[in-house]
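Working notes, beginning with the structure itself.
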Amino acid sequence: MVVGVLALQGSFNEHIAALKRLGVKGVEIRKPDQLQNVSSLIIPGGESTTMARLAEYHNLFPALREFVKMGKPVWGTCAGLIFLANKAIGQKLGGQELVGGLDCTVHRNFFGSQIQSFEAELSVPALASQEGGPETFRGVFIRAPAVLDVGPDVDVLADYPVPSNKVLYSSSTVEIQEENAMPEKKVIVAVRQGNLLGTAFHPELTADTRWHSYFLKMMSEVGEGTSSGGKGTSSGIVVVGGENLGFNQQPKIDLPIFQ
């Protein structure tokens, strides 16, 4: 078993490097037939409209939807989360095609433009419970989306407080000027529904590999035919360099990333 990483645009190299730090091989996916060689997939962050156009050009959407319907693990980060959502708002004129599967509504570029990108400590009790480590995770948000609502089968893994002057509507995000005009709200930034995982931030741009480890254990659950917390790794995972580094170890970093 190898992990496919959609390599049309965006941070696919960083995901492959993160997998390598865990001793797992990641392969670049650009064409529909390449999906037949992998049993899981990461859809990275990037410019979602550009990625959608390239996916349409290569006729990838039917194959991606079938991949999801087959129950194979898929993780979308940032733009990848938009791809996996059943509904996306705040899109450019004409919208973009979606893969779907995640029963949620995503607001594209919820947190603003490129210059409004930020980092924040997120409370991640479910991740810490399974993977160990601190109860927080350093989220890197780059022109990031947010999840506005989820269906009953979706587990919320992390959320983020929205300032009181940011009001959520179904079609837009509107700023109001009066201080304390609205109570503080939270938007969802990490979700899981069965074989699908979505994060609005970029774990691949940090030294913390726990989200990648979490996803690898999702692969093991599917491979073992279970729906529990999934302990251990799949015997089909390809180990890079002949050494299994283990999920909770922190091997040498080989790319410049945020600490």
Side-chain angles (χ1 to χ4, degrees), residues 1-22 24-86 88 91-92 95-102 104 106 108-109 140-145 147 190-206 209 211-216 218-219 222 236-238 240 255 257:
M1 182 189 301
V2 296
V3 180
V5 182
L6 193 64
L8 300 176
Q9 190 261 350
S11 58
F12 57 89
N13 279 324
E14 288 80 357
H15 274 293
I16 291 173
L19 292 169
K20 183 179 179 181
R21 296 199 299 273
L22 290 171
V24 175
K25 183 179 181 180
V27 297
E28 298 177 8
I29 302 295
R30 292 187 175 88
K31 297 181 179 180
D33 58 351
Q34 293 174 321
L35 287 170
Q36 300 174 13
N37 301 321
V38 297
S39 55
S40 61
L41 181 70
I42 297 174
I43 305 177
E47 211 295 312
S48 60
T49 304
T50 299
M51 289 173 62
R53 288 174 179 172
L54 289 169
E56 185 175 5
Y57 176 80
H58 290 290
N59 196 32
L60 269 162
F61 279 108
L64 289 170
R65 293 190 186 106
E66 183 63 24
F67 197 90
V68 168
K69 288 178 182 178
M70 291 175 66
K72 296 183 179 182
V74 182
W75 174 20
T77 62
C78 196
L81 167 62
I82 299 172
F83 263 49
L84 290 178
N86 282 347
Q91 300 188 64
K92 294 180 180 179
Q96 70 180 61
E97 198 167 355
L98 303 174
V99 175
L102 268 177
C104 67
V106 170
R108 182 181 181 274
N109 294 351
V140 179
F141 293 83
I142 302 176
R143 204 170 71 170
V147 178
V191 293
R192 179 181 176 182
Q193 181 182 358
N195 61 307
L196 303 179
L197 177 66
T199 55
F201 47 93
H202 289 262
E204 76 280 7
L205 298 182
T206 76
T209 57
W211 282 106
H212 289 81
S213 174
Y214 182 93
F215 180 63
L216 293 174
M218 285 175 54
M219 294 166 53
V222 173
I237 292 178
V238 174
V240 176
L255 272 182
I257 55 179

Can you tell me how far [atom2] of [Y] sits from [atom1] of [X], rounded to the nearest 0.5 angstrom?
| X | Y | atom1 | atom2 | value |
| --- | --- | --- | --- | --- |
| T49 | E47 | OG1 | CD | 4.5 Å |
| K72 | S40 | NZ | OG | 9.0 Å |
| L102 | L197 | CG | CG | 8.5 Å |
| H202 | S11 | NE2 | OG | 5.5 Å |
| R21 | S213 | CZ | OG | 12.5 Å |
| H212 | L19 | NE2 | CG | 5.5 Å |

Selection residues 58-70 - residue pairs positive for salt bridge (Lys or Arg N to Asp or Glu O under 4.0 Å), sequence neighbours left out: R65-E97

Carboxylate-amine/guanidinium proximity below 4.0 Å for K20 and E14: no

Derivation and outcome, side chain to side chain donor-acceptor pair (under 3.5 Å), residues T50 and Q9: CA-CA 8 Å; T50 299; Q9 190 261 350; 5.5 Å; no

Flag side-chain contact, heavy atom, 4.5 Å: [X] against [Y]:
| X | Y | result |
| --- | --- | --- |
| N13 | V5 | no |
| V24 | L216 | yes |
| I16 | E28 | yes |

Side chain to side chain contact (heavy atoms under 4.5 Å, CB included) between V3 and V27, worked out: CA-CA 6 Å; V3 180; V27 297; over 6 Å; no

Contacts of T77 that satisfy side-chain hydrogen bond (donor to acceptor under 3.5 Å, both in side chains) - sequence neighbours left out: H15

Set of side-chain hydrogen bond (donor to acceptor under 3.5 Å, both in side chains) partners for Q34, sequence neighbours left out: none

Side chain R192, main chain G194, donor-acceptor under 3.5 Å: yes

Any donor-acceptor pair under 3.5 Å from R30 side chain to A7 backbone: yes

Sequence neighbours excluded, every pair satisfying ring pair (Phe, Tyr, Trp, His ring centres under 6.0 Å) that has a member inside residues 39-74: F61-F83

Audit row: L60, V99, side chain to side chain contact (heavy atoms under 4.5 Å, CB included) steps and yes/no: CA-CA 9 Å; L60 269 162; V99 175; over 6 Å; no

T199 and W75: side chain donor to acceptor below 3.5 Å: yes

Counterpart residues, ring pair (Phe, Tyr, Trp, His ring centres under 6.0 Å), relative to F12 (two or more places apart): none

How close do [X] and [Y] get, counting heavy atoms only, and between which atoms?
| X | Y | result |
| --- | --- | --- |
| F215 | I42 | CE2-CG1, 3.8 Å |
| A79 | M51 | CB-SD, 3.9 Å |
| P32 | N59 | CG-O, 3.4 Å |
| M218 | N195 | CE-O, 3.5 Å |
| L98 | N86 | CD1-O, 4.1 Å |
| A85 | V106 | CB-CG2, 3.5 Å |

Single hit among L64, L41, I43 for side chain to side chain contact (heavy atoms under 4.5 Å, CB included) with I29: L41

Those residues that, when tested against E56, pass salt bridge (Lys or Arg N to Asp or Glu O under 4.0 Å) (two or more places apart): none

Residues which pass side-chain contact (heavy atoms from CB on, under 4.5 Å) with A200, listed by chain and number, not counting sequence neighbours: L81, F141, P145, V189

